[in-house]
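These notes concern the structure reproduced below.
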Protein chains: 2
Amino acid sequence: MTKAHPTLTERCRQEGLRLTGPRRVILQVLEASDDHPDVEELHRRVEAIEPGVNIATIYRTVNTLAEHGLIERHSFADGRMRFEIVPETHHDHFINVETGEVVEFRSDEIERIQEEIARQYGFDIVSHTLDIYVRPRKG
Amino acid sequence: MTKAHPTLTERCRQEGLRLTGPRRVILQVLEASDDHPDVEELHRRVEAIEPGVNIATIYRTVNTLAEHGLIERHSFADGRMRFEIVPETHHDHFINVETGEVVEFRSDEIERIQEEIARQYGFDIVSHTLDIYVRPRKG
DNA sequence: CTCATATATGCGAATCACTCGCATCTAAGC
DNA sequence: GCTTAGATGCGAGTGATTCGCATATATGAG
Ligand SMILES: [Mn+2]
Ligand SMILES: [Mn+2]
Ligand SMILES: [Zn+2]
Ligand SMILES: [Zn+2]
């Protein structure tokens, strides 16, 4: 048996965050999401489970979760912030410019070269975003 | 003698954009900028040359120039849009998280691998942004 | 050179995503 | 069961960007 990663709820407890009713639902929605929802979409999904949660609570919760390193914020070209649980292993994103669909990929080689170049410039990498806007190949 | 690239003003004319007073000053400011100014900073620089240009005009002009492919928009982590003339050869950016300073770099290798991976996924690349947030190496 | 008109500008109002103030509520430790 | 720091709901506030509209002007035609 491989040991499953700690759930978001467990990680919240570890971080000393309170598990309130609204927060539990938001965590559940985040766990169930395999895409990159924005705040409004999260709100919609939360409302579907338990109506009455204010959108300001979604905003505050994602901010808290991001500050504690439990979720990642993304800002693709459309403006709004999007979120996903911090993945086990880092990945970057293709964004289909026609549909907005997001596809994840990882290149160990690109990651390595980034480190190499940063070192040449005398920098330590804190984080990075590689967003590749694409369209399906014709023919 | 190498032939100099067409100036922004020339490219505007090619695109059929009118060369008004305010617009000429904005183009001049963009040509003179070797950093990545946001709209307020552009406005400040324009006002220093010719007061009275409204900030809405700056917004409209950078949008027009970007739509015509004459300048690039960037959105680093600080929220506001930043701009630079479309460079002769593409580059990516380091952003110093302590100072906000932006340093440009280019890796042919990273560019090549991106194309390779996109092809594997069945995509054509439209554009991409690689923003690496860094801090000066200690020691 | 003069005119006609599509474009651009100034200005204030509007929008949009997001944040804040504050009264109220509640999870969680004792 | 208390206590209290932290969380929530709600409405107001922000900051960046866009829009509506009246006015001005660049540019091409004549
Ligand atoms: Mn992802
Ligand atoms: Mn640049
Ligand atoms: Zn990466
Ligand atoms: Zn690049």
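Quick caveat, the model's predicted, so the values are computed rather than measured. Lettering follows sequence order; numbering is per chain, from 1. Scope of the values below: all heavy atoms of this structure, side chains included, with no hydrogens, waters or symmetry mates.
Residue B/Arg18 places a side-chain atom within donor-acceptor reach of the base of C/dT7, judged by atom type and a 3.5 Å distance cut-off alone. For A/Arg23 and D/dA7, a side-chain-to-base donor-acceptor distance below 3.5 Å is absent, hydrogens and geometry of angles not being considered.
Out of D/dG9, C/dA8, D/dA16, the shortest distance to the side chain of A/Pro22 is found at D/dG9. Checked against D/dC10, C/dA17, C/dC18, the side chain of A/Glu40 finds its nearest nucleotide in C/dA17.
Of the listed residues (B/Glu115, B/Glu116, B/Gln114), just one forms a side chain to side chain donor-acceptor pair (under 3.5 Å) with B/Arg112, and that residue is B/Glu116. Shown are B/Glu104, B/Arg106, B/Glu111; of these, the side chain to side chain donor-acceptor pair (under 3.5 Å) with B/His91 is made only by B/Glu104.
Residue A/His43 contributes atom NE2, which lies 16 Å from atom C1' of C/dT19 at whole-angstrom precision. In this structure, A/Ile55 places its CD1 atom 12 Å from P of D/dG9, rounding to the nearest Å. The CD atom of A/Glu67 sits 13 Å away from the P atom of D/dG6 (whole-angstrom rounding). A straight line from CG of B/Asp78 to P of C/dC18 spans 15 Å, rounded to a whole angstrom. Put simply, CZ on A/Arg80 is 16 Å from P on D/dT17, counting in whole angstrom units. The distance between atom CD of B/Glu50 and atom C1' of D/dT25, rounded to the nearest whole Å, is 14 Å. If you take CD1 of B/Ile58 and P of C/dG10, they are 8 Å apart, rounded to a whole angstrom. Whole-Å rounding puts the A/Leu27 CG to D/dA7 C1' distance at 13 Å.
One finds no side-chain N or O of B/Asn54 lying less than 4.0 angstrom from the OP1 or OP2 phosphate oxygen of C/dT9. Considering only side-chain N and O atoms, A/Thr20 lies nowhere under 4.0 angstrom from the phosphate OP1 or OP2 of C/dA27. Between A/Asn63 and C/dT19 there is a side-chain polar atom (N or O) within less than 4.0 angstrom of OP1 or OP2. Between A/Tyr59 and C/dT19 there is no side-chain polar atom (N or O) within less than 4.0 angstrom of OP1 or OP2. A close approach under 4.0 Å does occur between a side-chain nitrogen or oxygen of B/Thr61 and OP1 or OP2 of C/dT9.
Counting any heavy atom pair closer than 4.0 Å across all strands shown, A/Asp38 reaches no nucleic acid atom. Residue-level contact check: A/Leu19 touches the backbone only, with heavy atoms under 4.0 Å from sugar-phosphate atoms and none from bases. In this structure, B/Thr64 reaches neither bases nor backbone, as no heavy-atom distance under 4.0 Å exists between it and the strands shown.
Looking at A/Thr64, its side chain does come within 3.5 Å of a backbone N or O of A/Arg60 through a donor-acceptor pair.
Between B/Gly21 and B/Arg60, the one whose closest nucleotide on DNA chain D sits nearer the 5' end is B/Arg60.
For the atom pair A/Ile71 CD1 and A/Leu42 CG, the distance stands at 8.0 Å (nearest 0.5 Å).
Ionic pairing of A/Arg45 and A/Asp35 is present here: one or more N-O contacts between side-chain nitrogen and carboxylate oxygen are shorter than 4.0 angstrom. Note on B/Arg137 versus A/Asp124: salt bridge recorded, some NZ/NE/NH1/NH2 to OD/OE distance being below 4.0 Å.
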